[in-house]
> 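If you scroll down you'll find the structure; I have some questions about it.
Quantities reported herein were computed from a predicted structural model and do not represent experimental measurements.
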Amino acid sequence: MISTILLLGTVLATVTGRLGDAAGTVRQQLLLPIGQALDRLLAPIDRGLEPAANAYNRSLGRYFGTMSGLQFALIVGSVVALLTAGVWAPMVGPLVGGGLLRTLALASIWAIFAMSWDIQSGYTGYISFGHSVLSGAAGYTTALLIVHVDPGLSIWVTASVSVLAALVVGLLVALPTLRLEGPYFSLITFVAVLLFYRLTTAFSSLGGIPGFGQPDVFTWDPVMRYYYMAIPMLLIALGLTFMARSNLGMILVAIRENESAVSAAGINPTKFKIWSFALSSIPMGIGGVLLVGFTGNVDPDTFVIVDNSIEMIAMAVIGGMSSILGPLGGAFLFEFLNHQLFHGYSTPVRYLFLWGLVLLVLVFARDGLFRMIWHRLGAVGGESE
Amino acid sequence: MSVLEVDGLTKRFGGLVAVDDFSLDIEEGEIVGLIGPNGSGKSTVFNCIMGSYDVTEGSIRFNGDDITADSTHEIVTKGLSRVSQESNPIDLYSVGGNIKLFTLPNSIRSLHGGASDEEIYEYAARIDIEDKLEEMPDELPHADVRRLEIAKALATEPDMLLLDEPFAGMNQAEISELSAQIERFRENGMTMVVVDHNMGGLMELVDRVVVLNNGDFLASGSPEEIAENEHVQEAYLAGEGL
Amino acid sequence: MLGDIGTLVLQGTMISAVYALIAIGFTMIFGVGGTLNLAHGALIMGGAYVFALLSRSVHAAVAFPVTIAVIALLSWGLYQVLVRWVEENVVITFLATVVVAIASTEFVLYQFGGSPIGMTLISGAVNLEPYGINARTRYVQFVGFVVSWLAIGLLWYYITHTDDGRSVLAASMSERGAQLTGVDLHAVRSKTWLIAGALAGTAGVILGSTGGATPLMWLNPLALAFIIVVIGGIGSIKGSVIAAYVIGFLEQFTVTFVGHGFRGILSLVVLVVFLLYMPQGLYGREFAHD
């Protein structure tokens with residue numbers, strides 16, 4: 001077994017050099033002609049959609065980013081599909097393994113996590129490896145409120161307090177660590193999530209390994225449940241995109257690209273780094289609350305385990321970091337593969353496939369799949385980006 | 001009143017003394033040249049003034065305000081900006097975008113503040129790159145990248161500019177052009193300290209010269225006086241030559 | 001009470017050596033390449049499982065060095081196949097190594113299941129009560145301690161007395177400087193990953209022999225290694241050793257006198273204190289701005 005891996009490894013190392021050449025040839029002979037054919041096909045559609053896209057560009061473009069005709073179509077199409085999923089998913093579901101609405105609901109929650117991670121880590125480049133501490137804080141706060149304070153508490157009360165808890169935890173992590181340069185921050189966040197996991201599994205007052213079963217799900221109806229998850233997700237996407245395309249986003253990206261330039265511009269980088277983390281904590285808290293409403297259970301393996309933090313990152317990276325909408329797409333793709341396409345396999349095998357995919361994207365398409373698609377669509381009209 | 005007062009500035013890196021008891025007073029509207037052989041501590045002085053390094057001893061006052069312990073962004077907000085030696089534009093943004101970043105307010109609540117497109121054009125025009133606003137920094141010739149650095153500093157609306165090797169890598173024609181532009185800044189009320197190795201360009205531009213050698217103050221005077229100063233000549237010959 | 005303190009000192013001394021081993025491997029890779037190798041934990045786990053498998057067919061004394069060699073090669077291979085292509089990008093390298101670590105856990109889970117796997121390095125224990133220490137310490141723990149220090153000693157000798165090793169040290173202090181004196185950075189990095197792998201494998205065998213091998217066994221040691229490396233100073237071997245002992249003793253203290261559930265909390269507090277007042281650690285480089 002090990003020897004096979006070693007052999008493979010050595011072979012791969014030798015071959016990877018050749019692989020680079022092979023990739024170049026494939027690009028030339030195969031992909032380029034396909035690309036050109038696609039361009040010819042899509043260009044008229046792009047032109048046809050231009051009036052609509054330009055109308056949007058003129059009115060909302062400066063707040064959410066400008067788009068070409070095809071890009072506009074992609075966004076509008078996706079939003080419409082998400083809003084009408086209650087109608088078409090039950091019909092399409094059985095074709096792709098069943099339970100599609102459940103997957104979409106779960107994907108919405110993960111999309112919130114991935115987008116929240118992105119506005120902080122993707123944009124500033126200070127990678128948090130423990131973001132599930134935030135959603136976990138919210139989830140556990142909800143559970144503790146229901147168990148210790150009043151089982152009948154309104155969702156609005158528990159949700160508000162839980163989101164606040166996520167924000168507080170976020171600030172507790174951010175304030176001492178974001179003054180430091182990248183690697184330290186990332187290490188600390190990793191330690192934080194491991195520690196939180198240890199705390200929740202070790203202490204029965206925090207539920208221990210089984211966690212708390214007392215919280216209720218929002219609803220057992222799959223359609224309603226989906227909308228309970230998807231609507232907040234879309235609103236959060238709107239909000240975060242707005243923030244990301246504003247000057248805030250520009251500063252955060254500048255922090256990632258050249259932090260000393262930000263200082264030289266008279267802007268306090270530490271303040272903005274902390275603000276991005278706080279800004280990220282709020283939707284993470286909301287996502288945590290939604291997850292409680294989805295599972296009806298708050299336990300360490302669903303909420304805190306470090307794998308969750310890494311999954312969020314994987315989704316964002318697959319989709320395309322630093323774009324908000326990329327991670328949204330990445331989350332849906334990841335969950336679709338996980339629960340629909342790879343449905344038949346056991347959990348470890350599913351995840352092996354998924355992590356393998358992530359590694360491939362990291363090495364060969366590190367800007368993200370959805371970003372690639374977005375740029376490809378934008379280039380159809382023949383203009384540069 | 002002096003715009004910038006550096007008093008007894010000392011900077012030690014472990015056992016190495018990079019700057020030793022250096023003092024400097026800059027009056028409003030002056031252009032002062034800071035020269036010295038390689039390794040004399042000129043960039044260190046700038047780094048200490050701008051808060052990039054912590055000062056070991058001494059104090060720095062800007063417009064009467066003690067900025068010795070201030071962080072870089074605070075100093076910039078108070079009106080003192082630097083054009084650094086290395087050009088470090090943000091490659092993801094266009095020239096206009098790079099300038100825009102430097103106009104953004106230091107406020108988390110301001111989502112769409114900062115300069116208007118006209119104002120950004122103005123900043124670029126003051127240093128003659130207004131026709132390059134849409135281009136990306138990696139497409140620019142070297143001289144224009146340096147200009148972009150200056151435009152960025154100008155966009156912070158400073159009262160005083162520290163220019164670290166503005167002429168580096170430029171040919172004679174470019175140096176004359178840039179020199180003339182820098183002179184125009186002074187006409188608009190800007191005080192400046194310029195560090196450079198290119199003596200020809202520098203001597204024409206500045207009102208007086210301060211010489212650093214091995215972290216110590218060596219001499220100060222008019223460009224003509226300094227050019228004839230024997231100690232200065234020796235220091236340079238031991239280093240790299242005038 | 002005295003017996004407990006005796007136990008604490010004994011256990012602390014022994015386990016800290018293993019922590020030091022883990023931390024050193026991690027800090028070397030960072031010092032030389034600027035890479036944070038989160039797959040280091042997976043290599044530790046690999047060491048435990050490989051040894052468990054091998055020791056079923058060959059004698060432990062043979063299986064041990066073979067395991068070390070295998071893990072060293074795996075680590076070297078990881079660098080050649082994956083990390084080398086992404087190492088200029090810190091973020092991508094993080095993610096890639098984390099994903100490798102988690103994928104390894106899934107793989108191990110798939111192959112071996114989740115229950116702990118036992119292995120024997122050396123059996124038997126010695127009763128220390130006659131000596132006033134409240135413990136029956138197993139021989140394997142002593143062996144672990146000796147081997148760890150042997151490894152640290154060998155590494156120290158290598159880095160200070162051989163040209164090969166000195167080039168590794170030089171590269172960790174200044175990449176540019178090392179290159180200018182003719183050091184082949186790629187070769188140095190490959191060697192570093194090889195060495196780190198050997199250290200991780202050793203630690204894995206020791207941890208596996210003392211506590212059994214599980215798919216998640218690497219999480220806690222890695223977390224502690226992070227804390228140790230930050231406190232000791234990223235890139236410093238001396239710092240790692242000293243910090244390992246600080247943390248090792250702190251952990252033992254917590255377990256003995258406070259309670260098992262509180263493990264890690266005290267170490268975290270120390271970490272936060274260091275972050276706030278001495279972020280470069282005891283012997284590391286400057287990493288903070290105001």
> Is there side-chain contact between B:Tyr93 and A:Glu257, with at least one heavy-atom pair below 4.5 Å?
no
> Knowing that exactly one of B:Asn88, B:Asp91, B:Asn98 qualifies, which makes a side-chain contact (heavy atoms from CB on, under 4.5 Å) with A:Asn258?
B:Asn88
> Taking everything shown except B:Glu187 itself, do over 12 heavy atoms lie less than 6.0 Å from its CD?
yes
> Does any part of the side chain of A:Leu248, heavy atoms only, come nearer than 4.5 Å to the side chain of B:Ile108, both counted from C-beta?
no
> Looking at chain A, which one of B:Thr103, B:Ile75, B:Leu104, B:Ile90 has the largest number of heavy-atom pairs inside 4.5 Å, strictly under?
B:Leu104
> For chain A, which candidate among B:Ala153, B:Ser81, B:Ser107, B:Gly114 shows the most heavy-atom pairs at distances under 4.5 Å?
B:Ser107
> If the contact rule is any heavy atom under 4.5 Å from chain B, which residues of residues 233-246 of chain A qualify, in numerical order?
A:Phe242, A:Met243, A:Ser246
> Find the distance between NE2 (B:His73) and OG1 (A:Thr270) and round it off to the nearest 0.5 Å.
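Separation between the atoms: 6.5 Å.
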> Between A:Lys271 (side chain) and B:Asn106 (backbone), is there a donor-acceptor pair under 3.5 Å?
yes
> Taking all non-hydrogen atoms of both residues, which atom of A:Ile267 and which atom of B:Leu101 are closest, and how far apart?
CD1-O, 3.8 Å
> Identify the heavy atoms of A:Ala265 and B:Val76 that sit nearest to each other, and give their distance.
C-CG1, 4.0 Å
> Heavy-atom pairs under 4.5 Å with chain A - which of B:Leu92, B:Thr77, B:Leu111 has more of them than the others?
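Top count of heavy-atom pairs under 4.5 Å with chain A: B:Leu111.
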> Does atom CG of B:Asp138 have more than 12 heavy-atom neighbours from other groups under 6.0 Å away?
yes
> Hey, what do you get for CD (B:Glu74) to CG (A:Asn268), rounding to the nearest 0.5 Å?
7.5 Å
> Do other residues, nucleotides or ligands put more than 12 heavy atoms under 6.0 Å from the CD atom of B:Glu27?
yes
